[in-house]
Amino acid sequence: MFLDFMSEVEALLKVALERCGCNLEDGANPLGLDISPHADLASSVAFRLAPVLKKSPAAIAAEIHKALPEERRYVDRVEVLGPYLNFFMNDRFLDKVLQEALADNAWTGRMSEKVIVEHTSANPDGPLHVGHIRNSVIGDTLVRILRRAGCTVDAQYYINDMGRQEAMVVVGCDHFQLDGSKADHAVAKVYIAANKLMESQPGIRDEADSVIARYEAGDPEIIAKIQSAVKYAIGGIEQTLQRMNISHDSYHWESEFVRRGDVEEIVGLLEKTGLTEWENGAFQLDLTSYGFEKKMVLKRANGTSLYITRDLAYHRWKAENSDRSVDILGADHKLVSGQLRTALRLLGVREPEVVIFEFVSLPTGSMSTRKGKFISADELLDEVEKQAYEEVKLRRPEESEAFLRETAAQVAAGAVRYDVVKVSADKATTFDWKQALDFEKLSAPFIQYSHARAASILRRGEGEALAADGSDIACHLLKGDYEIALLKKIAQFDLVIDRAARELKPHQLATYARELAESFNLFYRFSPVLDAEPDLRQARMGLARAAKNALRVTLDTLGIAALETM
RNA sequence: GGGCCCGUGGCUUAGCCAGGAUAUAGCACCGGGCUUCUAACCCGGGGGUCGCGGGUUCGAAUCCCGCCGGGCCCGCCA
C-alpha cells in the first residue's frame, strides 16, 4: 500500500532530476522523503541540490516540479511550497487501500528470509520477572513482525543447562524439598535457599562444581537430575509466557552442542587463528587487538567449557540454518555479545543481529533471582488481571463470569505487552505499578476498545452484506477529512512493518497502533455509520470493516487479542 | 579508570541512525461533551532554554567535540 505510493514518488523524482541534469548524492534517503503534516509524502531534495546548482532551493523545487512526468498511477497532485515538494495520493490509491484492507490482502510483506529469533532464554532457575518479560515481549513481537513482513521465523529458546545456576538448582534440590507451588516458583525457592546456605557452608560451592563437571562428563545420574529440574522449571516458565500469548517453536540445550562435539570443534578452529594461549591452565582467546581489554576464556583450568564457548557453537549452528539470526539480550550482555560476534567473525561465521534492551529496575534497585529480589511476571499478570476484571465487570455487569474472566485475561495480557513494547528498547526503565495498571489512551485496552467499537458497528449493521472485495462500495462518498485520514493511516501499515522488520524496532508498531486507533476513534465520533443515508451508510460500513481488519492485524502482530466486545 | 547506552513540559515518552516547514503522545492539572453506532471515548486550555558549552551547516532535538548527570558492563558466572 503505502510502499507502492512511495515507490512511485521516488520514480517520479528520479526522472525529474535526470531531466534537470541533477545527480543524486549517495546515502540513505537521498531524495529527502518524509511523511509530513503538510503532505502525504514530502521531499526536501531541493535543499540538497542548492549548493551544487548554485540556485535557491525554491527555484530548484519549481524546476523539478515542472520536470515531473505526467503519467501517474497513485500520485495525485504535487505542490511546490517554497523549497518543498509535496506529494498527495489520488482517489484511485485510496480506493485500492480500501479494497485491499477489506479483502485482507494488504497485510503480508514481500520478505522471504528464514529468520531465527532467540528470545527469553532465561535460566531455568526460577520464574520470569518483570525484567525478563521485556526480553520475551520484544522478542515475540519481533517474531510476529517478521512473519508479517513475509519471513519464515523460528522462535528459539536457548536453555542454559550447563551453567553454575542450574548446578545450584540441583544442589538446592538435594538439600531442600520442592514445595507445591507453581514449578518455576518452587525451583526459585530451592535455588535461593542453596545460595543462602552457601554463605555459611562453603562446601556447597564444591558440590556445584562437582555437578558441573559430572554433567559435562556425561554422568547419567546428574544428567537425569539436571534434565528433570530444567524441564520442571521451563514448564512453569512456559505457562507464564502462554498467559502473554508467547510461545517458542523450538528449544536448544547448550549441552547438545557439547555432546555433539561442536564445542570442541569451535575451540580447535579458534586455535588455528593463532590468537589463543594457555594461561594459568585455562585456554584463552586474545581479542585485545579487536578492542577487548580482557581475554576471553574458552576453557576452564579443570577442562570444562564455559557459556561463551557453548554459545559460539550455538550461534554457528544458527548462522548455518538461517538467512538472518536475531538475539534479544539485556544490556548486561552487551560486552560478551560483542566478544562473541568478534570471535564468530574470526571463524568466518555470519554474526547475529543483536537487539539490546536496557535494564528494568525496581524503585528499590536492580532485580536478582539469586537474592529473591524481583517482581515475578505471574505476580504482575495476576495484579493487572484483577484490575482488568473490575473494569470489565463495571462496564458489562450483565455478562457471564466466563466472559468477564476471559476478557480480563486478554486485557491484562495486552496491557502488560503494550506497556513493555511501547518504549524504545534503549531506554532504561523503572517498573511502576501505577503505569502498569493504567488502561487509558497509551495502552492496549485503548486499541482493543477501538476494535470492539468497530465490531459493534458491524454487528448492528449485519443486515447488509458487503462484497468481500468491496467492489460494491461507493468509494467517492468517503471523502470526509476523518475518513480520508483513517484510510491513509491504514495504508501506512506496510511501511511500518517493513521498517520495524528491517530495523528490529517493535516499538514503532506500538506507536502506529495508537495512531490507527486514534484515527478510527475520530471517524467513529464524527462520521456516524448506522444513521447515515443508505449509500453513505454502506460506504462507511465498508470503511469500518477495513479499519477493523487493520486494527485486528495490528493487534495480532503485537500479540494482543482483538476482542469483539469488551 | 575504560567501554556502551540514555538525558525532550511536574512525571513517562515519539522523533535522532538517513539534519529541513508550527517538537509527538500519554499521565497529572483546568474547562466542555453520554435521550445519539460501547464515554476503556472525544473536544478545548495552560505547561518545553529538546542536560550544559562549543563546532559544522543556508538550517541542529537530530551530525561532530568537550563537560555534567543517570543506567549497564569490565568473573576460569550466565
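Order of the sequence lines sets the chain letters (A, B, ...), proteins ahead of strands, with each chain counted from 1. Side-chain atoms are counted along with the backbone in the values below, which use heavy atoms only and exclude waters and symmetry mates. This structure is a prediction, so every number in the text was calculated from the model and none was measured.
Rounding to whole angstrom units, CG of residue Leu509(A) and P of rU13(B) are separated by 20 Å. Rounded to whole Å, the distance from CZ on Phe359(A) to C1' on rC4(B) is 14 Å. Rounded to whole Å, the distance from CG on Asp438(A) to C1' on rA40(B) is 10 Å. With rounding to whole Å, Met566(A) atom CE is found 12 Å from rA39(B) atom P. One atom, CG of Leu394(A), and another, C1' of rA39(B), lie 12 Å apart when rounded to the nearest Å. One atom, CZ of Arg164(A), and another, P of rG75(B), lie 16 Å apart when rounded to the nearest Å. Separating the CZ atom of Phe357(A) from the P atom of rG71(B) is a distance of 18 Å, rounded to the nearest angstrom.
Contact check, Asn521(A) against rC42(B): a side-chain N or O comes under 4.0 Å of OP1 or OP2. Between Tyr307(A) and rC76(B), a side-chain N or O to OP1/OP2 separation shorter than 4.0 Å is absent. Close to rC77(B), at under 4.0 Å from its OP1 or OP2, lies a side-chain N or O of Arg300(A). Side-chain N/O atoms of Lys427(A) include one lying less than 4.0 angstrom from OP1 or OP2 on rG7(B). OP1 or OP2 of rC37(B) has not a single side-chain nitrogen or oxygen of Arg525(A) nearer than 4.0 Å. Dashed line: the shortest gap from a side-chain N or O of His507(A) to OP1 or OP2 of rG15(B) is under 4.0 Å. For the pair Lys294(A) and rG2(B), the criterion of a side-chain N or O lying under 4.0 Å from OP1 or OP2 is not met. The phosphate of rC11(B) has neither OP1 nor OP2 within less than 4.0 Å of any side-chain N or O from Lys434(A).
Contact annotation for Arg499(A): base contact, defined as any heavy-atom pair under 4.0 Å involving a base atom. Using a 4.0 Å heavy-atom distance criterion, Asn280(A) is classed as a base contact. At a threshold of 4.0 angstrom between heavy atoms, the contacts of Val529(A) include nucleobase atoms, whether or not backbone atoms are also involved. At the heavy-atom level, Glu279(A) lies under 4.0 Å from base atoms of the strands shown. Among the heavy atoms of the strands lying under 4.0 Å from Thr565(A) is at least one base atom, whether or not backbone atoms are also near. Backbone-only contact: Leu442(A) has heavy atoms under 4.0 Å from sugar-phosphate atoms and none from a base. Here Asp209(A) lies out of heavy-atom contact (under 4.0 Å) with every strand. Among the heavy atoms of the strands lying under 4.0 Å from Phe446(A) are primed sugar atoms or P, OP1, OP2 only; no base atom is included. Counting non-hydrogen atoms under 4.0 angstrom, Lys334(A) reaches a base of the nucleic acid. Counting non-hydrogen atoms under 4.0 angstrom, Ser121(A) reaches nothing in the nucleic acid. No engagement by Ala50(A) is indicated, since no non-hydrogen atom pair under 4.0 Å with the nucleic acid exists. Within the nucleic acid shown, Glu503(A) comes within 4.0 Å of at least one base atom, counting heavy atoms only.
Between the P atoms of rG51(B) and rU36(B), the separation comes to 48 Å (whole Å). Taking atom C1' on both nucleotides, rU62(B) is separated from rG19(B) by 6 Å, rounded to a whole Å. Atom C1' of rA14(B) sits at a distance of 23 Å from the matching atom of rC52(B), rounded to the whole Å. Separation of the P atoms belonging to rG55(B) and rG59(B) is 12 Å when rounded to the nearest angstrom. Atom C1' of rG46(B) sits at a distance of 25 Å from the matching atom of rG7(B), rounded to the whole Å. Nucleotides rG47(B) and rU24(B) have their C1' atoms positioned 15 Å apart, rounded to a whole Å.
Comparing rC17(B), rC5(B), rC43(B) against the side chain of Leu522(A) picks out rC43(B) as the nearest. Closest contact between the side chain of Asp426(A) and the listed nucleotides rC42(B), rC6(B), rU24(B) involves rC6(B). Each of rA18(B), rA39(B), rA21(B) was ranked by its minimum atom distance to the side chain of Tyr524(A); first place goes to rA39(B). Among rA18(B), rU24(B), rC5(B), the nucleotide with an atom closest to any side-chain atom of Asn29(A) is rA18(B). Of the candidate nucleotides rG1(B), rC37(B), rC42(B), rG1(B) has the atom lying nearest to any side-chain atom of Glu293(A). With rC74(B), rA21(B), rC72(B) as the candidates, the nucleotide lying closest to the side chain of Ala42(A) is rA21(B). Of the candidates rC58(B), rC27(B), rC43(B), rC58(B) carries the atom nearest the Phe47(A) side chain, counting heavy atoms from C-beta on.
The base of rA21(B) does not come close enough to the side chain of Asp34(A) for any donor and acceptor atom to sit less than 3.5 Å apart. Judged by distance alone with a 3.5 Å cut-off, a donor-acceptor contact links the side chain of Ser36(A) to the base of rA21(B). A donor-acceptor contact under 3.5 Å is formed by the side chain of Arg395(A) with the base of rA40(B). Glu440(A) contributes no side-chain N or O that forms a donor-acceptor pair with the base of rA39(B) under 3.5 Å.
Residue whose closest nucleotide on RNA chain B sits further toward the 5' end, between Gln165(A) and Lys505(A): Lys505(A).
Nearest heavy-atom pair across Thr304(A) and Ala213(A) is CG2-CA, 4.1 Å.
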Under 3.5 Å, sequence neighbours excluded: what are the donor-acceptor pairs made by side chains of residues 412-420 of chain A?
unit_1    : atom_1 : unit_2    : atom_2 : d
Arg417(A) : NE     : Leu558(A) : O      : 2.9
Arg417(A) : NH1    : Asp140(A) : OD2    : 2.8
Arg417(A) : NH1    : Met244(A) : O      : 2.8
Arg417(A) : NH2    : Asp140(A) : OD2    : 2.8
Arg417(A) : NH2    : Thr141(A) : OG1    : 3.3
Arg417(A) : NH2    : Leu558(A) : O      : 3.1
Tyr418(A) : OH     : Ala510(A) : O      : 2.6
Asp419(A) : OD1    : Lys422(A) : NZ     : 3.3

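The aromatic rings of Phe257(A) and His252(A) sit tilted relative to each other, their planes meeting at an angle between 30° and 60°. Ring geometry for Phe523(A) versus Phe520(A): interplanar angle of 30 to 60°, hence tilted.
The cationic atom of Arg453(A) (NZ for Lys, CZ for Arg) lies less than 6.0 Å from the six-membered ring centre of Tyr524(A) and within 45° of the ring axis.
Side-chain atoms of Asp327(A) and His315(A) form a donor-acceptor pair, as typed in the model, at a separation below 3.5 Å. Side-chain N/O atoms of Ser366(A) and Ser361(A) include no donor and acceptor closer than 3.5 Å. Using modelled atom types and a 3.5 Å distance limit, the side chains of Asn86(A) and Arg77(A) yield no donor-acceptor pair.
If you look at Tyr314(A) and Tyr158(A), their ring centroids are closer than 6.0 Å.
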